[in-house]
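Please read the structure below before turning to the comments.
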Amino acid sequence: MVIQSNCSLKEYNTFGIDATANILVKYSSEEELLTFLEQYHSEMSHQPLLHIGGGSNLLFLSDFPGVVLFSEIKDITILSEDEDSVLISVGAGITHDDFVVYAIQHGWYGLENLSLIPGQVGSSAVQNIGAYGVEVGDMIKTVQTISLEDGTSKVWNHDELSYSYRHSIFKDEAYRGKYAICHVEFQLKKHFTPCLHYGGLLASVQAKQIQPENLSAMQLRDIIIETRQKKLPDPKVTGNAGSFFMNPIVGLDIFHRIQEQYPNVPFYEVDTNHVKVPAGWMIEQCGWKGKAVGPAAVHDKQALVLINKGGATGRDILALCRVVQQSVYERFGILLSPEVNFIGEV
Ligand code: FAD
Ligand code: EPU
């Protein structure tokens with residue numbers, strides 16, 4: 001266990017916001033976490049607790065006046081397997097994309113479309129990360145947590161986790177910030193069936209002169225990475241947290257109203273009564289793509305991504321978020337909800 005006082009969080013959030021925490025605790029086992037929690041409850045429980053992962057979906061609006069927890073639990077264990085699938089327990093502190101590579105190399109499939117998404121395995125189960133037609137929650141069997149309030153361990157079954165678009169039970173008000181995820185159990189397939197239905201994915205495969213039936217999982221991963229790198233800024237170079245807002249899911253009445261004015265509006269069908277409208281498209285329509293407000297800007301290749309041009313504070317990014325929300329609301333009558341987690345008083 002490593003405990004640091006008055007610690008800069010600049011390297012712990014991909015926006016590169018220069019906030020500090022009173023204390024940063026890195027633990028590498030459940031026992032270490034429990035030991036720390038005992039000390040916390042007896043000596044420092046007046047300070048707030050915040051569990052972070054790779055900080056790729058956080059926006060620090062001020063210094064954090066409390067204790068930040070960071071998992072370095074990194075074990076991978078096969079729990080059971082048969083001809084078709086494998087059940088694996090994965091430590092929350094493992095980098096999600098390292099696990100994607102590990103799985104493909106072991107002949108375990110399902111995660112390929114989620115290649116290159118930053119962050120840790122534990123947070124992927126909080127966020128229900130998704131890309132190119134796949135959501136991680138569909139492969140998660142159970143999540144094992146420790147209560148930050150009383151140290152008890154609990155195993156949550158898939159049905160209890162309330163997975164939906166960018167949502168899990170751990171984002172609900174009643175559960176938010178109350179648990180440390182320690183292990184995530186994945187069920188992955190042993191036979192590779194590529195998922196190519198999203199956007200231009202099939203066309204990207206064909207452009208490489210590869211027949212879908214000959215496509216390997218590693219080739220699919222490479223295509224996903226190439227596609228992502230064309231649009232999304234590399235956080236090591238430009239501070240960002242991926243999509244800043246969620247894509248709104250709207251009823252058909254609202255959608256038809258937009259479609260009347262913008263016949264080419266892109267959309268994804270959600271169910272017979274709802275569609276998802278890409279927020280990046282709406283933000284671009286409002287003229288924000290590539291525009292800056294102080295040191296915060298809308299990315300010039302993907303309008304859904306807000307970036308730190310250098311030296312931005314969380315408040316600078318929040319100010320841009322607010323004017324973008326206002327523009328979209330005025331033009332489309334839709335209030336965009338941030339996907340990014342705000343830390344501090346809004
Ligand atoms: P953090 O941002 O540190 O934390 C996220 C949340 O999880 C917080 O609420 C935190 O309190 C909680 N948390 C973290 N670890 C634990 C734990 N062990 N126990 C309990 N709670 C915990 N997301 C997508 O879904 N799809 C994408 O395609 C995508 N692309 C991205 C591209 C870029 C360039 C960037 C920067 C981000 C992108 N994201 C994407 C967003 C982000 O990568 C995901 O939300 C990711 O899961 C966040 O992981 P993290 O480890 O960085 O978590
Ligand atoms: N679009 C524009 N202008 C833009 C951006 C997008 O017109 O500036 C249009 C595109 O032309 C396309 C549509 O919007 O028709 C969708 O764009 P894209 O495929 O880039 O995906 P997205 O909806 O902007 C979502 C996720 C991403 C995920 C990709 C791929 C959300 C909030 N975002 O983005 O996730 O990687 O699809 O599946 O759902 C993240 O969550 O951080 C993230 C990056």
Side-chain angles (χ1 to χ4, degrees), residues 9 12-16 27 33 49-59 68-73 91-97 113-137 143-146 148 165-166 168 170-171 175-184 198-201 224 227-249 264-268 276-285 288-290 298-305 307 336-343:
L9 297 171
Y12 291 89
N13 74 98
T14 60
F15 257 123
Y27 61 92
L33 174 60
L49 264 185
L50 168 69
H51 205 306
I52 63 166
S56 61
N57 215 30
L58 302 180
L59 181 65
V68 169
L69 296 172
F70 181 87
S71 171
E72 292 188 323
I73 300 181
I94 289 182
T95 299
H96 158 78
D97 196 49
N113 294 37
L114 303 178
S115 290
L116 208 67
I117 299 181
Q120 295 186 333
V121 164
S123 351
S124 77
V126 174
Q127 305 283 107
N128 190 20
I129 56 169
Y132 301 95
V134 172
E135 285 184 340
V136 79
V143 169
Q144 183 252 323
T145 59
I146 285 189
L148 297 176
Y165 173 58
R166 299 294 190 273
S168 72
F170 302 111
K171 288 189 154 196
Y175 300 90
R176 185 192 294 262
K178 298 218 166 111
Y179 298 90
I181 293 183
C182 294
H183 288 91
V184 182
Y198 182 93
L201 203 47
I224 296 281
T227 311
R228 292 176 65 89
Q229 285 176 336
K230 280 187 198 147
K231 302 186 202 178
L232 295 167
D234 178 355
K236 288 197 191 91
V237 181
T238 306
N240 79 95
S243 301
F244 196 89
F245 302 101
M246 288 190 271
N247 286 330
I249 294 172
N264 296 326
V265 51
F267 66 95
Y268 302 100
K276 216 189 256 178
V277 183
W281 176 85
M282 291 194 269
I283 297 169
E284 182 172 352
Q285 293 301 311
W288 278 106
K289 201 167 184 170
V298 176
H299 187 46
D300 58 359
K301 297 196 184 78
Q302 224 304 1
L304 196 45
V305 177
I307 61 169
L336 296 180
S337 299
E339 176 182 313
V340 170
N341 300 283
F342 295 153
I343 311 296

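Computed from heavy atoms alone, side chains included, the values below leave out hydrogens, waters and symmetry copies. Counting starts at 1 for both ligands and their atoms, in listed order.
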request  = Kindly indicate whether the side chain of Arg228, heavy atoms from C-beta on, has any atom under 4.5 Å from the side chain of Ile117.
outcome  = yes
request  = Number the atoms of ligand 2 from 1 as they appear, then name those within less than 4.0 Å of a heavy atom of Lys289, with their elements.
outcome  = 3 (N), 4 (C), 8 (O)
remark   = Ala180 heavy atoms within 4.0 Å reach ligand 1 at atoms 19 (N)
task = Quick one: look at Asn240 and ligand 1, take heavy-atom pairs under 4.0 Å, and tell me if it's side chain, backbone, both or neither.
result = both
request  = Looking only at distances, please establish whether an N/O atom of ligand 1 is found under 3.5 Å from an N/O atom of Gln127.
outcome  = yes
request  = Heavy-atom contacts with Gly130 under 4.0 Å: which atoms of ligand 1 show up? List them by number with element.
outcome  = 24 (C), 25 (O), 26 (N), 27 (C), 28 (O)
ask   = Is there a protein heavy atom less than 4.0 Å away from atom 10 (C) of ligand 2?
value = no
query = Is any N or O atom of Asn57, backbone or side chain, closer than 3.5 Å to an N or O atom of ligand 1?
reply = yes
remark   = Check: of Arg166, Met246, His51, min heavy-atom distance to atom 17 (C) of ligand 1 comes from His51
ask   = Which of the atoms of ligand 1 are close to Val126, meaning less than 4.0 Å from one of its heavy atoms?
value = 7 (O), 21 (N), 22 (C)
key: Lys178 atom NZ: more than 12 heavy-atom contacts under 6.0 Å   = yes
key: Among Phe245, Tyr198, Trp288, closest by any non-hydrogen atom to atom 37 (O) of ligand 2   = Tyr198
ask   = Which ligand 2 atoms, with their elements, are less than 4.0 angstrom from a heavy-atom of Gly242?
value = 42 (O)
message = Can you name the atoms of ligand 2, numbered from 1 with element, that are less than 4.0 Å from a heavy atom of Leu304?
response = 24 (O), 32 (C)
message = Below a 4.0 angstrom heavy-atom separation, can you tell me which part of Ser243, side chain or backbone, both or neither, approaches ligand 2?
response = both
query = Taking Asn113 for the side chain and Val134 for the main chain, is one N or O donor matched with an acceptor at less than 3.5 Å?
reply = no
task = Keeping the roles fixed (side chain from Ser168, backbone from Phe170), state whether a donor-acceptor pair exists under 3.5 Å.
result = yes
Donor-acceptor pair, side chain of Gln120 and main chain of Gly122, under 3.5 angstrom = no
ask   = What atoms of ligand 1 come within less than 4.0 Å of a heavy atom belonging to Leu58?
value = 1 (P), 2 (O), 3 (O), 4 (O), 8 (C)
query = So, is Gly55 polar-close to ligand 1, with some N/O to N/O distance under 3.5 Å?
reply = yes
task = Please say whether Ala303 places an N or O atom under 3.5 Å from an N or O atom belonging to ligand 2.
result = yes
note = Honestly, for Glu284 the part within reach of ligand 2 (heavy atoms, under 4.0 Å) is side chain
message = What I want to know is whether Pro118 and ligand 1 share at least one N or O pair that is separated by under 3.5 angstrom.
response = yes
ask   = Which bit of Phe170 gets closer than 4.0 Å to ligand 1, counting heavy atoms only: side chain, backbone, both or neither?
value = neither
note = The atoms of ligand 2 lying under 4.0 Å from a heavy atom of Ala131, numbered in the order shown, are 36 (O), 38 (O)
request  = Pick whichever of Tyr165, Phe244, Tyr268, Phe267 has a heavy atom sitting closest to atom 31 (C) of ligand 2.
outcome  = Tyr165
ask   = Ignoring hydrogens and geometry, is there a side-chain-to-backbone donor-acceptor pair from Asn13 to Leu9 under 3.5 Å?
value = yes
Residue Tyr179 vicinity, atoms of ligand 1 by number, heavy atom under 4.0 Å = 19 (N), 20 (C)
Atoms in ligand 2 flagged as close to Pro266, the criterion being non-hydrogen separation under 4.0 Å = 15 (O)
Test of proximity, Ala92 against ligand 1: N or O pairs below 3.5 Å = no
ask   = Is there a heavy atom in Pro233 that sits closer than 4.0 Å to ligand 1?
value = yes
request  = Tell me whether the guanidinium CZ or amine NZ of Lys276 lies under 6.0 angstrom from the six-membered ring centre of Tyr165 and within 45° of its axis.
outcome  = yes
message = So if I count the atoms of ligand 1 from 1 in the order they appear, which ones are less than 4.0 Å from some heavy atom of Ala241?
response = 35 (C), 36 (C), 37 (C)
inquiry  = Taking the side chain as everything from C-beta on, heavy atoms only, tell me whether Val126 gets closer than 4.5 Å to Ile181.
reply    = yes
request  = Decide if the gap between the ring center of Tyr27 and the ring center of Phe70 is smaller than 6.0 angstrom.
outcome  = no
Side chain Arg166, main chain Gly130, donor-acceptor under 3.5 Å = yes
The one among Arg166, Glu339, Glu135 that brings a heavy atom closest to atom 26 (C) of ligand 2 = Arg166
task = Ignoring hydrogens, tell whether any protein atom lies closer than 4.0 Å to atom 7 (O) of ligand 2; use the non-hydrogen atoms only.
result = yes
message = Within the supplied structure, the quantity of interest is the number of heavy atoms (other residues, nucleotides, ligands) at a distance under 6.0 Å from Tyr175 OH; does it exceed 12?
response = no
query = Hey, which atoms in ligand 1 end up nearer than 4.0 Å to a heavy atom of Gly242?
reply = 31 (C), 32 (C), 33 (C), 35 (C), 36 (C), 37 (C), 38 (C)
query = Do His299 and Phe244 have ring centres separated by under 6.0 Å?
reply = no
query = Do any N/O atoms on Ala131 end up under 3.5 angstrom from N/O atoms on ligand 1?
reply = no
remark   = So for Lys301 against ligand 2, with non-hydrogen atoms under 4.0 Å, the contacting part is neither
task = Give the numbers and elements of all ligand 1 atoms closer than 4.0 Å to a heavy atom of Gly119.
result = 49 (O), 50 (P), 51 (O), 52 (O)
task = Check whether any side-chain heavy atom of Thr14 lies under 4.5 Å from a side-chain heavy atom of Asn240, and answer yes or no.
result = no
task = Just jot down the ligand 2 atoms closer than 4.0 angstrom to any heavy atom of Lys231, in number order.
result = 18 (P), 19 (O), 20 (O)
ask   = Got an N/O contact under 3.5 Å between Ile129 and ligand 1?
value = no
query = Looking only at heavy atoms of Arg228, does any of them come nearer than 4.0 Å to an atom of ligand 1?
reply = yes
ask   = Any idea which atoms of ligand 2 are less than 4.0 Å away from a heavy-atom of Arg228?
value = 36 (O)
